[in-house]
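Everything on this sheet refers to the single structure shown next.
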Amino acid sequence: MTHATNTALIIIDVQNDFCPGGNLAVENGDQIVERINTLQDDYAITVLTQDWHPSNHTSFADNHDDAEPFSQVDMAYGPQVLWPRHCVIGTAGAAFKSGLNTDHADLIIRKGYNPDIDSYSAFFENDHKTQTGLEGYLRERGVTKLVMVGLATDFCVRFSAVDAIKLGFQVTVIQDACRAIDLDGSLAAALEEMSSLGVLLK
Ligand code: VGL
Ligand code: ZN
């Protein structure tokens with residue numbers, strides 16, 4: 001372990017559906033697994049997040065009439081991309097990517113289980129109000145610095161990093177331990193937003 005107990009590694013959504021062969025595959029998403037396993041040796045505190053949707057989740061295009069995957073709609077809480085059905089609770093696609101070492105996880109936080117609200121961020125659902133409980137957990141353990149890795153750089157990593165910095169954590173994203181979906185320039189926008197808010201992109 002090389003980092004102090006005030007620093008946590010947050011491993012975002014390294015799940016089968018976000019890897020090649022999965023329902024919402026991120027290009028080369030599987031290539032970060034070994035890197036993340038090695039990184040885990042350096043941290044005293046490790047948190048895993050798991051995208052965890054009920055079958056009737058409103059972020060799934062097939063739960064809307066005539067909606068194409070990757071199109072955008074307006075929800076009560078703001079704009080929402082409609083995704084191919086993915087990470088359905090209890091399915092193989094929702095399981096952690098095989099080979100990912102989960103033995104050291106202090107906490108596994110599930111998100112997106114409310115059918116009416118998506119949750120990209122590990123801290124807040126997409127209404128930016130409903131908390132997941134992760135902030136309280138980290139504060140009670142005295143964590144002030146977060147290092148984020150996982151999938152996808154431009155959605156769940158981005159939203160988690162932005163919320164974390166707004167909450168006052170110091171945040172680093174290790175880019176080569178992340179992979180992006182890159183929908184209509186979303187990767188460039190994510191990197192721009194994160195760095196402008198003070199997220200350290202390593
Ligand atoms: C994610 C889209 C939908 C992610 C989750 O983990 O980045 N992206 N659900
Ligand atoms: Zn999702």
Side-chain angles (χ1 to χ4, degrees), residues 9-33 36 47-64 67-73 75 77-97 100 102 105 108-128 130 132 134 146 148-164 171 173-175 177-191 193-194 199:
L9 180 67
I10 314 289
I11 303 171
I12 312 242
D13 297 2
V14 181
Q15 293 167 258
N16 289 323
D17 268 341
F18 297 124
C19 290
N23 288 346
L24 178 40
V26 180
E27 200 179 343
N28 298 326
D30 54 335
Q31 289 182 4
I32 62 177
V33 169
I36 291 174
V47 174
L48 303 182
T49 72
Q50 198 169 20
D51 210 41
W52 199 248
H53 299 308
S55 184
N56 63 343
H57 199 257
T58 46
S59 80
F60 296 164
D62 64 8
N63 285 329
H64 297 256
E68 287 298 320
F70 305 106
S71 63
Q72 195 165 290
V73 292
M75 300 285 199
Y77 55 81
Q80 170 70 48
V81 177
L82 296 180
W83 301 106
R85 159 176 301 275
H86 65 279
C87 296
V88 174
I89 293 173
T91 62
F96 290 113
K97 174 70 186 151
L100 179 72
T102 62
I108 297 174
I109 192 134
R110 288 173 170 162
K111 58 184 183 61
Y113 45 73
N114 178 340
D116 301 321
I117 313 182
D118 207 1
S119 188
Y120 296 148
S121 165
F123 293 93
F124 294 95
E125 297 187 357
N126 285 8
D127 61 2
H128 302 292
T130 311
T132 63
L134 180 58
L146 305 177
M148 297 190 177
V149 298
L151 303 170
T153 322
D154 43 345
F155 287 91
C156 290
V157 175
R158 171 193 191 169
F159 278 68
S160 299
V162 164
D163 282 346
V171 186
V173 169
I174 302 180
Q175 292 185 76
C178 298
R179 290 291 183 276
I181 294 173
D182 204 10
L183 197 61
D184 301 326
S186 57
L187 176 58
L191 297 176
E193 185 188 27
M194 289 191 286
V199 175

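Below, all heavy atoms of this structure are taken into account, side chains as well, without hydrogens, waters or symmetry copies. Read the numbers this way: they start at 1 and go in the same order the structure lists the ligands and their atoms.
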Quiz prompt | Thr132 to Ile109 - nearest heavy-atom pair and separation | solution =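 Where Thr132 meets Ile109 most closely, the heavy atoms are O-CD1, 3.6 Å.
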What is the distance from atom [atom1] of [X] to atom [atom2] of [Y], rounded to the nearest 0.5 Å?
X	Y	atom1	atom2	result
Phe159	Ile12	CZ	CD1	12.0 Å
Leu191	Thr153	CG	OG1	7.5 Å
Ile117	His128	CD1	NE2	10.5 Å
Ile32	Cys178	CD1	SG	6.5 Å

Exercise. With atom 3 (C) of ligand 1 as the reference point, say which of His86, Arg179, Gln80 has the nearest heavy atom.
Key: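 Among His86, Arg179, Gln80, the closest heavy atom to atom 3 (C) of ligand 1 belongs to His86.
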Quiz item: Out of Gly150, Ala152, Cys178, Ser160, whose heavy atom sits nearest atom 7 (O) of ligand 1?
Solution: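 When every heavy atom of Gly150, Ala152, Cys178, Ser160 is considered, Ala152 comes closest to atom 7 (O) of ligand 1.
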Practice problem: Test ring-ring contact (aromatic ring centres under 6.0 Å, His included) on His86 and Phe60 and set out the steps. | Solution: CA-CA 8 Å; His86 65 279; Phe60 296 164; 5.3 Å; yes
Practice problem: For the pair Asp127 (side chain) and Thr130 (backbone), establish whether a donor and an acceptor sit closer than 3.5 Å, ignoring hydrogens and angles. | Solution: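 Present.
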Exercise. Tell me the protein N, O or S atoms under 2.8 Å from the Zn ion (ligand 2), in chain and number order.
Key: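 Only Asp51 OD2, His53 NE2, His86 NE2 fall inside 2.8 Å of the Zn ion (ligand 2).
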Practice problem: Take Asp182 and Asp154 through the test side chain to side chain contact (heavy atoms under 4.5 Å, CB included) and record every step on the way to the result. | Solution: CA-CA 7 Å; Asp182 204 10; Asp154 43 345; 4.2 Å; yes
Quiz item: Does Cys156 reach ligand 1 with a nitrogen or oxygen that is under 3.5 Å from one of the ligand's nitrogen or oxygen atoms?
Solution: yes
Self-check item: Asp51 N/O to ligand 1 N/O under 3.5 Å
Solution: yes
Exercise. For atom 6 (O) of ligand 1, find the nearest protein heavy atom and state the residue, atom name and distance (0.1 Å precision).
Key: Asp13 OD2, 2.6 Å
Self-check item: Residue pairs fulfilling side-chain hydrogen bond (donor to acceptor under 3.5 Å, both in side chains) with at least one residue in residues 116-126, sequence neighbours excluded
Solution: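 Applying side-chain hydrogen bond (donor to acceptor under 3.5 Å, both in side chains) to every pair that reaches into residues 116-126, excluding sequence neighbours, yields Gln80-Asp118, Gln80-Tyr120, Gln80-Asn126, Trp83-Tyr120, Ser121-Asp163.
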Exercise. Under 4.0 Å, heavy atoms only, figure out whether ligand 1 is touched by the backbone of Leu151, its side chain, both or neither.
Key: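 Looking at Leu151 and ligand 1, just backbone atoms fall under 4.0 Å.
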